[in-house]
2 protein chains.
Amino acid sequence: MTDSNPNASLTAPSIPGDALPPVEQHAQQYATVRNAHETELIEDYVELIGDLLAHRGEARAADIASRMAVSQATVSKMIRRLNELELVTSKPYRSLFLTEAGQKMAETSRARHDIVLHFLRALGVRDATARIDAEGMEHHVSDETLAIMQRFTEQQQNS
Amino acid sequence: MTDSNPNASLTAPSIPGDALPPVEQHAQQYATVRNAHETELIEDYVELIGDLLAHRGEARAADIASRMAVSQATVSKMIRRLNELELVTSKPYRSLFLTEAGQKMAETSRARHDIVLHFLRALGVRDATARIDAEGMEHHVSDETLAIMQRFTEQQQNS
DNA sequence: CAATATTGTTAGCCAAGGCTAAACTATTTG
DNA sequence: CAAATAGTTTAGCCTTGGCTAACAATATTG
Ligand SMILES: [Mn+2]
Ligand SMILES: [Mn+2]
Ligand SMILES: [Mn+2]
Ligand SMILES: [Mn+2]
């Protein structure tokens with residue numbers, strides 16, 4: 001605290017609801033979000049490739065581009081990265097396939113995505129909205145919360 | 001569909017749970033997420049500045065840096081951007097303040113953040129986890145879902 | 001009040017994730 | 001089977017959001 005605003009304590013508005021969390025904890029919140037942002041696009045690609053393989057038998061760059069509403073150049077560059085990460089295998093001008101690691105990631109992401117989507121529907125959110133919200137939320141839901149969401153959805157169904 | 005994988009329909013695994021959504025709808029999911037990503041960091045900064053002003057009477061770059069676990073250079077650069085967006089006013093080496101627009105954004109973001117946090121706690125998520133999850137989820141929750149979360153939390157409290 | 005410590009800014013670097021335009025390959029069709 | 005169409009890749013550009021290192025301003029303290 002400095003002298004630059006000597007009235008600080010006087011001008012502070014009436015205390016709002018919650019206090020600020022301790023610095024360490026607060027920092028952890030943001031750090032966790034930054035971390036999720038590093039992996040989430042990768043997860044969405046891998047998950048989508050897995051879905052295309054499962055439902056269509058093949059996963060072509062053009063399909064990914066139109067489903068993600070992104071240019072083919074963007075997809076092509078991303079595929080190179082997925083290759084470097086050894087999540088997919090690809091021969092030029094041919095369908096993509098998932099490596100072992102890629103399949104594992106696809107399954108995990110798909111499972112998590114489904115839990116969030118089904119939870120939102122069980123809560124009473126309209127399907128189209130639930131799908132949009134789930135696409136973003138899924139990457140920021142801890143295992144703890146995920147387990148609670150799943151339990152909630154099941155209880156909702158048995159009643 | 002091409003001839004490159006003539007066994008596509010034969011090799012397709014037994015149909016998983018849900019079908020793929022129509023291309024347009026699927027694309028909308030990802031586009032909405034990309035959109036949220038463009039604004040979320042701005043929202044977090046503005047919200048934090050508002051919180052610091054409310055609880056401490058001033059918002060210094062150094063506080064933001066330590067609460068976000070980010071370098072002071074990163075904060076300094078971001079402040080320039082917030083200035084350009086006319087969300088904050090700042091004199092060099094002095095505390096930040098929010099413009100009208102900044103205050104409005106801070107209130108909206110804080111309100112939304114609180115609804116998500118309180119909802120997670122009402123669901124039964126431990127406080128520390130709820131705070132981490134809320135920090136990321138808040139930016140991907142539609143107004144529709146937000147309203148449902150708020151109602152759920154209230155009902156939980158009156159019982 | 002001078003020296004030191006803290007705080008803030010600037011410059012320059014990097015990776016990620018978008019884009020368009022142009023070139024190349026493969027598939028389909030006349 | 002040649003030409004046209006569709007799909008893929010590459011090159012080069014841009015913005016965002018990180019970083020470190022060096023420097024500048026302010027605040028604290030012996
Ligand atoms: Mn997903
Ligand atoms: Mn997603
Ligand atoms: Mn927030
Ligand atoms: Mn946030």
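First the proteins, then the strands, lettered A, B, ... as listed; each starts at 1.
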Pairing residues for [X] by the side-chain hydrogen bond (donor to acceptor under 3.5 Å, both in side chains) criterion, not counting sequence neighbours:
X	value
Arg131(B)	Asp127(B)
Asp63(A)	none
Ser71(B)	Thr74(B)
Asp44(B)	His139(B)

[X] [atom1] to [N] [atom2], straight-line distance once rounded to whole Å:
X	N	atom1	atom2	answer
Met68(A)	dA16(C)	CE	C1'	15 Å
Glu58(B)	dT7(C)	CD	C1'	12 Å
Glu84(B)	dT15(D)	CD	P	12 Å
Arg80(B)	dG17(D)	CZ	P	13 Å
Asn83(B)	dG8(C)	CG	P	14 Å
Ile64(A)	dG18(C)	CD1	C1'	16 Å

Which side-chain N or O atoms in residues 75-84 of chain B pair as donor and acceptor under 3.5 Å with protein atoms at least two apart or in another chain?
from     : atom 1 : to       : atom 2 : distance (Å)
Asn83(B) : ND2    : Ser90(B) : OG     : 2.7

- Which residue pairs pass the ring pair (Phe, Tyr, Trp, His ring centres under 6.0 Å) test when at least one of the two sits in residues 65-88 of chain B, sequence neighbours left out?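 Checked against ring pair (Phe, Tyr, Trp, His ring centres under 6.0 Å) - neighbours excluded - no pair reaches residues 65-88 of chain B.
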
- Message: Can you pull out the residues from residues 21-49 of chain B that lie within a 4.0 Å heavy-atom distance of DNA chain C?
- Response: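 Heavy-atom cutoff 4.0 Å gives Arg34(B).
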
- Task: Identify, residue by residue, the members of residues 69-78 of chain B with a heavy atom below 4.0 Å from DNA chain C, and return them in order of residue number, or none.
- Result: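 Within residues 69-78 of chain B, the residues near DNA chain C are Gln72(B), Ala73(B), Ser76(B).
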
- Task: Any salt bridge (charged side-chain N to carboxylate O under 4.0 Å, His left out) involving residues 110-119 of chain A? Give me the pairs, sequence neighbours left out, ordered by first then second residue.
- Result: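 Sorted result for residues 110-119 of chain A: Glu43(A)-Arg112(A), Glu47(A)-Arg110(A), Asp51(A)-Arg110(A), Arg110(A)-Asp114(A), Arg112(A)-Glu138(A).
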
- Item | Min side-chain heavy-atom separation Ser109(A)-His113(A) under 4.5 Å |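 Of all side-chain heavy-atom pairs linking His113(A) with Ser109(A), none is under 4.5 Å.
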
Quick one: side chains of residues 22-36 of chain B, donor-acceptor pairs under 3.5 Å with protein atoms, not counting sequence neighbours, listed by atom name and distance.
from     : atom 1 : to        : atom 2 : distance (Å)
His26(B) : ND1    : Arg67(A)  : NH1    : 3.0
His26(B) : NE2    : Tyr30(B)  : OH     : 3.2
Gln28(B) : NE2    : Thr32(B)  : OG1    : 3.0
Gln29(B) : NE2    : Glu135(A) : OE1    : 2.8
Thr32(B) : OG1    : Gln28(B)  : O      : 2.8
Arg34(B) : NH1    : Met68(A)  : O      : 2.9
Arg34(B) : NH2    : Met68(A)  : O      : 3.1
Arg34(B) : NH2    : Ala69(A)  : O      : 3.1

Short heteroatom pairs, N/O only, protein and nucleotides 24-26 of chain D, under 3.5 Å:
from    : atom 1 : to       : atom 2 : distance (Å)
dA24(D) : N3     : Tyr93(B) : OH     : 3.3
dA25(D) : O4'    : Tyr93(B) : OH     : 3.2

Name the atoms and distances for all side-chain donor-acceptor pairs under 3.5 Å in residues 146-159 of chain B, with sequence neighbours left out.
from      : atom 1 : to        : atom 2 : distance (Å)
Thr153(B) : OG1    : Met149(B) : O      : 2.9
Ser159(B) : OG     : Gln156(B) : O      : 3.0

- Query: Within the side chain of Thr99(B), is there an N or O that forms a donor-acceptor pair under 3.5 Å with the backbone of Leu87(B)?
  - Reply: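 Yes; judged by distance alone, with no hydrogens or angles, the pair exists.
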
